[in-house]
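Notes follow once the structure below has been shown.
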Amino acid sequence: MITCDEFFTELGDYLEGRLSPEVREELELHVSQCHACYVLYDSACKTIRIVTDSGSFDLPPSVLDPIIDRVIAKLRTERA
Amino acid sequence: MNFLSEVQLESKFGPFVAFEKNLGFIPNLLRAQTHLPRLIEAQASLESAVRLTEGAIPRVQKERILLGVAADRHDTYCMIVDSKVLSSLGISEGQIDDFLNDYRDADLSASEVAMLDFCLKLSRCAPSVVSEDIGRLRTYGFEDKSIIEAVVTTALAIYRCTLSVGLAPEPDFEPRKLAKLPRTAIPSSGARSGGPLNGVHRGAKTKGPYVQAPYRSSETFAPYATLYKTHGFIPNFFSAQTLRPDLLAAEVEAVVAILLPEDVLSRLQKECILLAVSAANLNSYCVAVHCNLLRGLGMPSEEGDQIAVDHQQSELSESDRALLDFAVKLGAHFSEFSRDDVVKLRTLGFTEEQILECEAVTALNDFSNIVQMGLGVEPEFEPPFAYQQNKVHLSPLSDPPTTEGFVGSHSTTAIEDLDASLVVKTQAGDLEAFEELVRRHSRLVYRTLLAILGNSEDAQDAMQDALSRAFQHIAGFQGRSKFSTWLVSIARNAAIERLRNRKNEESLDECVLEGDREFRPRQVRAWGDNPEQAYSKLEIRQLIERGIMALPAKYRIVVMLRDIEQLSTDDVARQLELSVPAVKVRLLRGRLMLRELLSPHFAASTKEPGR
């Protein structure tokens, strides 16, 4: 079985689903037998899911529209 | 006949001794590279692992692949050498003649004929190789180890043929026997109905890689450790060959000897050669890798993209453009190559060593292109957008199968077209068109600014600056990248300027290869199944926003663009002008730091058994 260090080296690609089936199997075997790496992997997956679904920084148009309006008005004035 | 001069090496030079021992002579192809002995060592390392060692395929069969490819390319030099070697292995002159007349009618086993069919298809039109071709080899009983060996042997044949065209060494033996042979020694693809050589199988490609690739660790497998040092990551090209660590190790050795030294051509020049020739060979995988490596060497991504599309229109110096002309002709249009091309480079001031190294880099590139397409290595990066657009015009095949793996390119095209017409209008002074463009991308711009600056007030001020600047400079936008990429780069520069004016400057730079220890997790309590359910949506949002804002800027921006903006890793790299490996490192660190910050809120309140 691979070591925790080797698991950590591949973790980024594992989270991104970018591993070949063979390497993924090695990592799956590792998390099935190593509690610390299981917790790390599981909570990192959940972090990504929660962050992605959170709608964070999802600005209502009321925030950005006035900025754009100001810029366009300024450019129009400069041109005139 | 030699195009380049030679120098005398001592008779005990290792590779020469090895060839003398194995083949009974030192091929003139090697002697023609004496200006740079490390190139001879690179070729010797490849030949020794691929050709001279008994592997999964019998030695004689490998020699017939080499001879078959050489004959198919009408490479007289290699044909003479390879015939001689075959004859030294006990194959009679008559059998060699029969083979060269038509290998399908030369008393070879059906499986060997199938293998030769495959190897010739690969050498002649690599982009047309599909997984069915590999499947066909398996039906003849070939295992993955043999298939990799056949692909790499074909690649070695191409490597030698490219060098023989570029160096034009004197034949090692009298071409007596071969003079009688018909012009087309190997039957052309059209002669075989239903065979695998009948052009491109459209839509038939299933996802690669086509062969098994067991896991190898960089801690125990030395070639991987080398690649981490040279590339910063393990390209899929190499990890697809782990079933044959011997071949992989020889390839890494050749890469190190040919690409790393900077005493003749610079690494940048070599990467440009690899990019331009891969583009000419329609190899999207290698184009994407070399664009990325060039970005890592500090070349702006637009410039790399331009080299892939048409290096003549790039900002490179006249002599570097000529160097690429030379390499593309040698690597992709070898039948047009002549002594005049060598003379032209000399006239421009290139030395014998530089011309020789350019040829070796080109040969190595052709080798890699063949291996990648033969094994169906999947890309780790997207090729540049502009290259994808242009490739249709460059391609002699209306639908090269390698483009099929890139998901989403069609939708990108549509958005791009929409932006393009608005950009043209804006460049003509249409403010309403500009307003439409800006509203379309305002969130991306704002989040980038917020991620760099870390607070909304500064982000809003910077946004005004950036949008005004974009309008002022729109005339300079040439459409080489997406409009959104260009707009974000202006916003990013505006934000970085503000950051510099602050007292406690937060750097966006770092060495990507620094250790990972400090990013190892400290919170090891398991999380519940849906830990966010204990909180309201608003609370979750606040937790995440606070968490992301608490990250150092260099991680914050990557997490923001990847997980909030949901750009692909490649797009994040392009937006931030970072290499993909650098983005991957920062993304993982950012995510793990965020996990650490969220853990006290989401970890299960009950302790784990036994803790």
Side-chain angles (χ1 to χ4, degrees), chain A residues 1-16 18-27 29-30 35-59 61 63-76 78-79, chain B residues 209 212-215 217-219 236 239-240 242 378 380 429 431 434-435 438-439 442-443 446-447 450 456 460 463-464 467-468 471 516 520-521 523-527 530-532 537 540-541 543-545 547-548 559-560 563-564 566 569 584-585 587-588 591-592 594-595 598-599 602-603 608:
Chain A
M1 193 174 79
I2 57 170
T3 64
C4 294
D5 279 350
E6 289 166 351
F7 176 83
F8 195 81
T9 308
E10 303 291 341
L11 178 60
D13 282 338
Y14 192 25
L15 292 170
E16 292 281 74
R18 281 184 184 240
L19 290 177
S20 69
E22 290 86 356
V23 181
R24 203 178 57 235
E25 273 172 31
E26 290 279 348
L27 268 65
L29 178 69
H30 183 86
H35 178 71
C37 288
Y38 164 75
V39 170
L40 176 64
Y41 171 67
D42 177 67
S43 54
C45 285
K46 285 171 180 160
T47 301
I48 296 168
R49 176 172 55 77
I50 294 170
V51 169
T52 310
D53 295 344
S54 67
S56 295
F57 306 107
D58 199 11
L59 298 158
V63 177
L64 291 181
D65 281 354
I67 302 176
I68 298 171
D69 292 345
R70 272 201 297 279
V71 171
I72 298 292
K74 185 170 149 251
L75 291 172
R76 206 162 265 142
E78 282 171 6
R79 177 184 289 182
Chain B
Q212 299 163 37
Y215 175 77
S217 158
S218 58
E219 287 174 20
N236 289 348
S239 54
T242 50
E378 285 292 309
E380 54 267 275
L431 255 179
F434 181 64
E435 190 175 343
V438 163
R439 287 198 197 280
S442 59
R443 282 183 188 203
Y446 182 78
R447 283 172 177 162
L450 189 61
S456 56
Q460 292 184 14
M463 182 140 171
Q464 290 196 45
L467 297 183
S468 301
F471 188 72
D516 273 318
R520 292 305 173 92
Q523 305 276 357
V524 288
R525 269 165 51 207
W527 290 18
N530 289 299
E532 69 272 34
K537 277 195 169 175
I540 292 286
R541 212 181 120 162
L543 268 178
I544 302 292
E545 289 185 1
I548 290 181
V559 170
M560 189 81 124
D563 289 338
I564 300 291
Q566 296 183 29
T569 309
K584 284 184 178 179
V585 169
L587 181 63
L588 179 64
R591 284 171 167 178
L592 292 183
L594 194 56
R595 186 204 80 95
L598 296 176
S599 217
F602 294 146
E608 290 299 315

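Chain naming here is simple, since letters A, B, ... match the order of the sequence lines and numbering starts at 1 in each.
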- request: Please flag which part of A/E10 lies under 4.5 Å from any non-hydrogen atom of chain B: side chain, backbone, both or neither.
  value: side chain

B/Y215 side chain reached by A/E6 side chain, heavy atoms, under 4.5 Å: yes

- request: May I ask you to test the B/W527-A/T47 pair for a side-chain heavy-atom distance under 4.5 Å?
  value: yes

- prompt: Of the backbone (N, CA, C, O) and the side chain (C-beta and beyond), which part of B/K537 lies under 4.5 Å from a heavy atom of chain A, both, or neither?
  reply: neither

query: With a 4.5 Å heavy-atom cut-off, do A/E22 and B/T242 have their side chains touching?
result: no

statement: Minimal heavy-atom distance between B/S468 and A/K74, with the atoms involved, is OG-NZ, 3.5 Å

query: So which part of A/V71 gets closer than 4.5 Å to some heavy atom of chain B, the side chain, the backbone, both or neither?
result: side chain

query: Are A/D69 and B/R439 ion-paired here, with the side-chain N under 4.0 Å from a carboxylate O?
result: yes

- request: Would you mind reporting whether B/F434 and A/L75 have side-chain heavy atoms less than 4.5 Å apart?
  value: yes

field: Heavy-atom contact with chain B under 4.5 Å, split by part of A/D53
entry: neither

message: Quick check: do A/I2 and B/S217 have side-chain heavy atoms less than 4.5 Å from each other?
response: no

Proximity breakdown for B/L450 and chain A, heavy-atom pairs closer than 4.5 Å: side chain

- request: Give, as side chain, backbone, both or neither, the part of B/L467 having an atom under 4.5 angstrom from any heavy atom of chain A.
  value: both

message: Minimum heavy-atom separation for B/P531 and A/R49, please, with both atom names.
response: CD-NH2, 4.4 Å

Proximal component of B/Q566, with respect to chain A [non-hydrogen, under 4.5 Å]: side chain

query: Can you check whether A/V63 reaches B/Q460 side chain to side chain, under 4.5 Å on heavy atoms?
result: yes

message: Between A/E16 and B/R591, does any side-chain N to carboxylate O distance fall below 4.0 Å?
response: yes

